[in-house]
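Okay, structure first, notes after.
Here is the naming used below: chain letters follow the sequence lines, and residue numbers restart at 1 for every chain. All heavy atoms count here, side chains included; hydrogens, waters and symmetry mates do not.
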Number of protein chains: 2
Amino acid sequence: MRGKPDLAAKSKATIADVARAAGVSTATAGRVLGGYGYTSEEKKEQVLKAAQELGYRPNALARGLITGQTRTLGVVAGDIQNPFYASVLRGISNVAEANGFGLLITNSDEAQAKEVHSVELLAQKQVDGLIVTPSDTRKARHLHNLKGMGMPLVLIDRAVAGLMVDRVATDNIAAAEQAVRYLIAAGHRRIGIVAELVDETNGGLDAFLARAIAGDPIESELLYPSWQRLLGYIRAHRIEGLPVDPRLVQRAGSYSALAAQAAVPRLLTMPDPLTALFTTDGTMSEGVMRALTELKMSIPQDLSLICFDDIDWMSFHRPGITVVAQPRLAMGEAAARMLLERIRGEDYPPRTVLMPAEMIERGSVAQLDQPKAVPEHRRSGLKR
Amino acid sequence: MRGKPDLAAKSKATIADVARAAGVSTATAGRVLGGYGYTSEEKKEQVLKAAQELGYRPNALARGLITGQTRTLGVVAGDIQNPFYASVLRGISNVAEANGFGLLITNSDEAQAKEVHSVELLAQKQVDGLIVTPSDTRKARHLHNLKGMGMPLVLIDRAVAGLMVDRVATDNIAAAEQAVRYLIAAGHRRIGIVAELVDETNGGLDAFLARAIAGDPIESELLYPSWQRLLGYIRAHRIEGLPVDPRLVQRAGSYSALAAQAAVPRLLTMPDPLTALFTTDGTMSEGVMRALTELKMSIPQDLSLICFDDIDWMSFHRPGITVVAQPRLAMGEAAARMLLERIRGEDYPPRTVLMPAEMIERGSVAQLDQPKAVPEHRRSGLKR
DNA sequence: CTGAAAGCGCTTACAG
DNA sequence: CTGAAAGCGCTTACAG
């Protein structure tokens, strides 16, 4: 092929090419271009000039192969399109970028098989560390392996049984408790909850409710977020001396707005109707909102509402939806910072960072002027 | 360090290790592990067994260095947190994953300097191809360079002057025209528009309006999306024989919800008030919605509204917002597919894929029972 | 400070 | 079908 020899050369200038053009060894050229070791000012200038002319661009593959570091972080998110993950990813990206790291991103769709596949892909690409939102809090051999091989690892949102690594999450129990106590303080006594609750390892919803209502100790660390938020809901009732009616606990059973939407009619057809509703995440909130809109329920006249996580539409909605907002961006940033520390070799014991959610009051909660005190006959429910 | 010699070995088994354990050459081990060349069943089994036992994991860096391919796509998005980009990225991710490609993602925040930096990072990491949403449609030397060096490149949403590469975008002019004609058909005569319109290279808004209203030919290909959508707005007026009142065209001047919000009062304080409003993207819509909520304007009683791009809240809002929805996911998928074709070496002339937006009717447009015909004294405006 | 040489973990002609 | 050898583009001891 004739013509454009310059361009062709330009597209593939290596350190050897630069060294030759500058009249130095590849070692010297490498030292100035790579910014390591010492070089005389004179040679440095020659090399820089030659590099400029040849349009030299370092090959990160070669560098990574030899240094064992790629300056790339891997992330396994549930679904990049979901606002929760989108924000978390932006937080990770901010920190990565500030430190000169690239970001290799995959979606697991909360499916273990895809997660395993993603992790394998990222490991082969030699990422320096991994941030994952584990799809299963019990089985995660791939993550244990990774850790065993010394791969820096940070978990977001969920923990994994027996996996001692850094983790950042929202303090789900406290956040849910705060929201539900807020409703109770506003005079609500019949408060529904719509939660994903897909995992069955807790012995089923009924058994879990029985234990939680009885105040039995529950190992909450390994609970999926929706169970933790349910626990906060129950704890708020206990603290306020209000009985928990299991029929008010609606399980969507899958992580989809449709499932949440389907759960709403089940709540509204009860004899002693609820006056308030608590949803445990953005997707559940979406489904609930669709259901309420369809049923032409007015908020907060017909029903008060507090949602977990602040999705953008919640502030445009009329009335604005009162929420407990997770610090999504900050969670991503914290996770990335912790990962970078591990990559640098800092050697703390595994840290769990539980970040507080922020309650944002808007207009979706009605102040009831019913007696604040819980009627005697209901109080008894607590003792069962 | 004593102990766990197996684990240590396991974490770094190379082809040479596997070859040794299997009693074959590295070439043979490489052939079966890499899936290239021919091997006898017998040796293949030995190698596979050894690899399994050693926990061999291929090093994509070494493979990439020698093959010149990394099976990684680079993406420069505006802001991964923005629903538009989040969806586009998911589309790209779907196609990448299905083809065994990884995804290196960066944010430009629509700033040229960050974009240049991102592109450089991705190029150093030797991505096989790049998808970018260019932040500047005029100057983009980095992209021209990239193309000159043979890097496969696909543009999303915006074009770049003189850069002949594949591109996928929404057919903005047609989509906006459709929306505005819909409003006109509903009887609206005073239709406002809130658009970003940040670029000044069109000689300023007034000059642009004058040319467009006069029907002068306009090279629309290089226009930023908000200008294209404004063009659709004007074209709809022309087609329907309605004059364009420049005061109804509100320029936010920056890509922020706040700027859009500030533009709304300027529209509502006119003597001959508007009855409908058209917003040109999700961020503008957000700002406009905040303003209308604050002003306690009822939709569609006080004002009809059509928004460009279907953001999730628009379907929860009461009433639902009528929108022209961009096929965001499909755009990402199309872009990724085109890029993969280029990476495979397919050699078409540069393709521009303009995807149609879909109009979704909800409840934000009031049917006016004013005369459908445009009054005579207004028609004259067209002839100026 | 500088250069010759080895090597990171693979793949690719080239013989046999 | 298989192996010895070279090489991808860098960095890293090691001499000098």
Side-chain angles (χ1 to χ4, degrees), chain A residues 8-48 50-51 54-72 121 123-128 149, chain B residues 8-48 50-51 54-72 121 123-128 149:
Chain A
K10 215 176 180 182
S11 68
K12 318 219 92 192
T14 71
I15 275 203
D17 298 327
V18 174
R20 202 175 308 120
V24 301
S25 69
T26 62
T28 298
R31 278 190 271 259
V32 3
L33 262 13
Y36 50 88
Y38 298 88
T39 337
S40 67
E41 267 311 312
E42 191 198 345
K43 304 234 169 192
K44 182 179 275 182
E45 274 173 30
Q46 294 170 43
V47 171
L48 255 18
L54 294 173
Y56 171 75
R57 169 146 53 207
N59 183 327
L61 255 36
R63 183 176 292 177
L65 186 57
I66 204 149
T67 63
Q69 302 188 134
T70 54
R71 296 190 80 76
T72 303
L121 178 84
Q124 289 189 7
K125 290 191 187 294
Q126 312 297 120
V127 294
D128 291 337
M149 295 170 58
Chain B
K10 217 175 178 180
S11 69
K12 319 219 93 194
T14 71
I15 275 201
D17 298 327
V18 174
R20 203 175 307 118
V24 301
S25 70
T26 62
T28 297
R31 277 190 270 258
V32 5
L33 264 13
Y36 49 89
Y38 298 88
T39 338
S40 66
E41 267 311 311
E42 191 198 345
K43 303 234 168 191
K44 181 180 275 180
E45 273 173 31
Q46 295 171 41
V47 170
L48 254 18
L54 294 173
Y56 171 75
R57 169 145 52 208
N59 183 327
L61 255 37
R63 182 176 294 178
L65 185 56
I66 203 150
T67 63
Q69 302 190 132
T70 54
R71 296 189 79 76
T72 303
L121 177 84
Q124 290 188 8
K125 289 193 188 294
Q126 312 297 121
V127 295
D128 291 336
M149 294 170 59

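- Residues Ser25(B) and Gly34(A) both approach DNA chain D. Their nearest nucleotides, taken by heavy-atom distance, put Ser25(B) toward the 5′ side.
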Side-chain polar contacts of residues 22-47 of chain B - donor-acceptor pairs under 3.5 angstrom, sequence neighbours left out - could you list them?
residue: Ser25(B); atom: OG; partner: Ala27(B); partner atom: N; Å: 3.4
residue: Ser25(B); atom: OG; partner: Thr28(B); partner atom: N; Å: 3.1
residue: Ser25(B); atom: OG; partner: Thr28(B); partner atom: OG1; Å: 3.2
residue: Tyr36(B); atom: OH; partner: Gly30(B); partner atom: O; Å: 3.3
residue: Ser40(B); atom: OG; partner: Lys43(B); partner atom: N; Å: 3.3

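- Across all strands shown, nothing is found opposite dA4(C) as a Watson-Crick or G-U wobble partner with both distances under 3.5 Å.
- Taking every nucleotide of DNA chain D with any atom under 4.0 Å from a non-hydrogen atom of chain A, the first and last of them, 5' to 3', are dG9(D) to dA13(D).
- Contacts between residues 61-72 of chain A and DNA chain C, defined by a heavy-atom separation under 4.0 Å, are made by Leu65(A), Ile66(A).
- Taking all atoms of both residues into account, the shortest heavy-atom contact from Gln126(B) to Pro58(A) is OE1-O, 4.1 Å.
- Counting all heavy atoms, side chain and backbone alike, Ala50(B) lies closest to Val18(B) at CB-O, 3.8 Å.
- Summarising the geometry, atom CG belonging to Leu54(B) is positioned 12.0 Å from atom CD1 belonging to Ile15(B); distances are rounded to the nearest 0.5 Å.
- To the nearest 0.5 Å, atom CD of residue Gln69(A) and atom CZ of residue Arg63(A) are 11.0 Å apart.
- Side-chain atoms of Lys125(B) and Thr72(A) include a donor-acceptor pair closer than 3.5 Å.
- Heavy-atom nearest nucleotides on DNA chain D were determined for Ala27(A) and for Ser40(B), and the one closer to the 5' end corresponds to Ser40(B).
- Rounding to the nearest 0.5 Å gives a distance of 6.0 Å between CG of Asn59(B) and CG of Leu65(A).
- Pairing for dA13(D) is absent, with no Watson-Crick or G-U wobble pair whose two atom distances lie under 3.5 Å.
- Note that OG1 of Thr67(A) and CG of Asp128(A) are 8.0 Å apart. Values are rounded to the nearest 0.5 Å.
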